[in-house]
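What follows is a short report on a single structure.
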Amino acid sequence: CPKVDKVFGPGNQYVTAAKMILQNSEATISIDMPAGPSEVLVIADGEADLSFVAADLLSQAEHGPDSQVVLCAVGMDVGALEAEVARQADALP
């Protein structure tokens with residue numbers, strides 16, 4: 001009897017590969033679903049807090065180079081947002 005019945009949660013391509021190996025093994029461990037690349041669409045206007053918008057964009061982009069991050073900005077200082085994204089990215093471990 002396996003020590004794990006089911007594996008849940010998101011992940012990058014390595015997590016997906018591990019889940020598929022487990023699901024197809026003789027251990028009969030099930031998975032919730034194979035995770036794909038992360039995607040996010042952030043819609044923000046000039047009144048949005050730049051630190052929150054930057055954090056939302058980075059929260060998905062950090063999952064890997066195949067993650068898609070899209071921003072739809074209206075009336076926003078995109079240069080200031082780029083600076084905030086760079087500031088927060090530099091602070092990440």
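Count residues from 1 along the sequence.
- Residues near Val74 contribute nothing to a hydrophobic cluster around it, because no ILVMFWY side-chain heavy atom sits closer than 4.5 Å to its side chain.
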**OP:** Start with the C-alpha gap between Gln88 and Leu92, add the side-chain angles, then the distance that decides, and say whether side-chain contact (heavy atoms from CB on, under 4.5 Å) holds.
**Re:** CA-CA 7 Å; Gln88 289 187 27; Leu92 292 172; 5.9 Å; no
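- Under the side chain to side chain donor-acceptor pair (under 3.5 Å) criterion, Asp90 pairs with no residue at all, not counting sequence neighbours.
- Taking OG1 of Thr16 as the reference point, atom CD1 of Ile21 lies at 11.0 Å (rounded to 0.5 Å).
- Linking Ile, Leu, Val, Met, Phe, Trp and Tyr residues whenever their side-chain heavy atoms come within less than 4.5 Å leaves Ile31 and Met33 in two separate clusters.
- Through side-chain heavy atoms spaced under 4.5 Å, either directly or across other Ile, Leu, Val, Met, Phe, Trp or Tyr residues, Leu58 is tied to Val40, Val42, Leu50, Val53, Leu57, Val69, Leu71, Met76, Leu81, Val85.
- The OG atom of Ser30 sits 6.5 Å away from the CZ atom of Phe8 when rounded to the nearest 0.5 Å.
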Original post:
Can Val7 and Leu22 be said to form a side-chain contact (heavy atoms from CB on, under 4.5 Å), step by step?
Top reply: CA-CA 9 Å; Val7 177; Leu22 288 172; 3.9 Å; yes
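- Partners of Asp32 by salt bridge (charged side-chain N to carboxylate O under 4.0 Å, His left out), not counting sequence neighbours, listed by chain and number: Lys19.
- Residue Val70 is found in a hydrophobic cluster whose other members, listed by chain and number, are Leu41, Ile43; membership requires side-chain heavy atoms under 4.5 Å apart, directly or through intermediates.
- In this structure, the side chain to side chain donor-acceptor pair (under 3.5 Å) partners of Ser51, at least two apart in sequence or on a different chain, are Asp49.
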